[in-house]
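Shown next, in structure tokens, is the structure this report addresses.
This one's a predicted model, so the numbers in the text were calculated from it and none came from an experiment. Order of appearance sets the numbers: ligands from 1, and atoms from 1 within every ligand. Basis for what follows: all heavy atoms, side chains included, without hydrogens, waters or symmetry-related copies.
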Amino acid sequence: MSPALQSAIDVAADSASVIIVIQQKGGSGKSTITVNLAACMGRSAAKLSGPVTADQDSPVVAAGIDPQGSLEKWADRVPEEKLPFDYLVTRGRLGELPKLKADPARRRILVDTPGFMEVDPDAAWGEDPLGDGRVADALREVLDIADLAIVPITPEWLSWEPVEFTIERILKPRGIKFLVVINLHDPRDGEAQLDKVKKWVDDRGYPRMADPVRKYKIHSHAAEEGQVVTEYKESGTALRAREDFMTLALCVEQAL
Ligand SMILES: Nc1ncnc2c1ncn2[C@@H]1O[C@H](COP(=O)(O)OP(=O)(O)OP(=O)(O)O)[C@@H](O)[C@H]1O
Ligand SMILES: [Mg+2]
């Protein structure tokens, strides 16, 4: 057997990596990170064989588990043939993501998670605070198969405590590797608040991406139009915006 064919088989032999984007507080950029990271990974995925056809499975999948999730709303607006990845909306149905992870055509599965509202703040330490219900069960299932968690934090201090909760109460007890990513840094604001959030993360010994994902209007407009960062119309801002997510993709690959 040729070495090239053997290595293609070896790649297919192990299951896809599942990367979840999780943070208890809403609006920190989970859905934005999920789709744009999937776009960058899909764009840079190696093609193992032959020309790509329209019906071929992409090695990269973005998935949403939330019944009312923004991934679903966003997906409704996307011309599917323009995306460099596949997407799956489970609406909380169990079993679909484990099946996807075992699919040899898949290499990376990015999972957008809802902010977990029903969380029980009085749950004792060591106890699962996720509570009951469809979303909680879906969240537990995806946590069971996760290889890495991306935890977005924003310079706004209100988002910091939920990050600590997510890491200390949800990820660490399950032994899930994680990476903190600062999102929504406005370059016009200067570095003072950025340095504060970096210090807060570093003081706790949490691994983080060195540079933040910057805040650009182009991202929020894109969400409305069902666009992803790899497809933005060429401009200086578009290049900087893409650079942030390409850097994140590299950082994630090293963390896996
Ligand atoms: N880097 C960024 N630059 C500009 N806008 C951003 C950026 N990241 C997120 N946003 C915008 O911030 C808002 C919240 O982002 P998003 O919906 O991704 O957060 P979320 O964590 O998924 O929220 P929820 O918990 O409600 O699902 C959206 O309007 C989105 O377009
Ligand atoms: Mg969301």
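Using a distance-only test at 3.5 Å, with no hydrogens or angles considered, no donor-acceptor pair links the side chain of Arg242 to the main chain of Cys40.
In terms of N/O distances under 3.5 Å, ligand 1 is approached by Ser31. Residue-to-ligand polar distances keep Val213 apart from ligand 1: every N/O pair is separated by 3.5 Å or more. Taking distance alone, with nitrogen or oxygen atoms compared against 3.5 Å, Asp112 stays at or beyond that limit from ligand 1.
Contact analysis leaves Pro114 out of contact with ligand 1, as no non-hydrogen atom separation drops below 4.0 angstrom. Not a single heavy atom of Lys217 sits under 4.0 Å from any atom of ligand 1.
In summary, Ser31 places an N/O/S atom under 2.8 Å from the Mg ion (ligand 2), meeting the contact criterion.
Close contacts of ligand 1 with Ser28, meaning ligand atoms under 4.0 Å from a residue heavy atom, involve 19 (O), 21 (O). Each of the following atoms of ligand 1 lies closer than 4.0 Å to a heavy atom of Arg214: 1 (N), 2 (C), 3 (N). Residue contact check: His219 has heavy atoms under 4.0 Å from atoms 1 (N), 2 (C), 3 (N), 4 (C), 5 (N) of ligand 1.
Of the listed options Val35, Asn183, Ile33, Asn183 places a heavy atom closest to atom 8 (N) of ligand 1. When the heavy-atom distances from atom 6 (C) of ligand 1 to Thr32, Leu184, Asp66 are ranked, the shortest goes to Leu184.
Neither the backbone nor the side chain of Ile218 comes within contact range of ligand 1; no heavy atom lies under 4.0 Å.
Taking the six-membered ring where tryptophan is involved, the planes of Trp200 and Trp160 are tilted, since the angle between them lies from 30° to 60°. Ring pair Phe245/His219 is perpendicular by interplanar angle, where above 60° counts as perpendicular and below 30° as parallel.
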Does the pair Leu97 and Leu88 meet the rule for a side-chain contact (heavy atoms from CB on, under 4.5 Å), with working shown? CA-CA 9 Å; Leu97 287 170; Leu88 167 75; 4.1 Å; yes

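Here Pro187 pairs with Arg214, Tyr216 under the side-chain contact (heavy atoms from CB on, under 4.5 Å) rule; sequence neighbours left out.
Considering Val181, Val180, Asn183 as possible partners of Ile150, the one that fulfils the side-chain contact (heavy atoms from CB on, under 4.5 Å) test is Val181.
Scanning all heavy atoms of the two residues, the minimum distance from Pro84 to Val228 falls at CD-CG2, 4.4 Å.
A donor-acceptor contact under 3.5 angstrom links the side chains of Ser159 and Thr154, judged on distance only.
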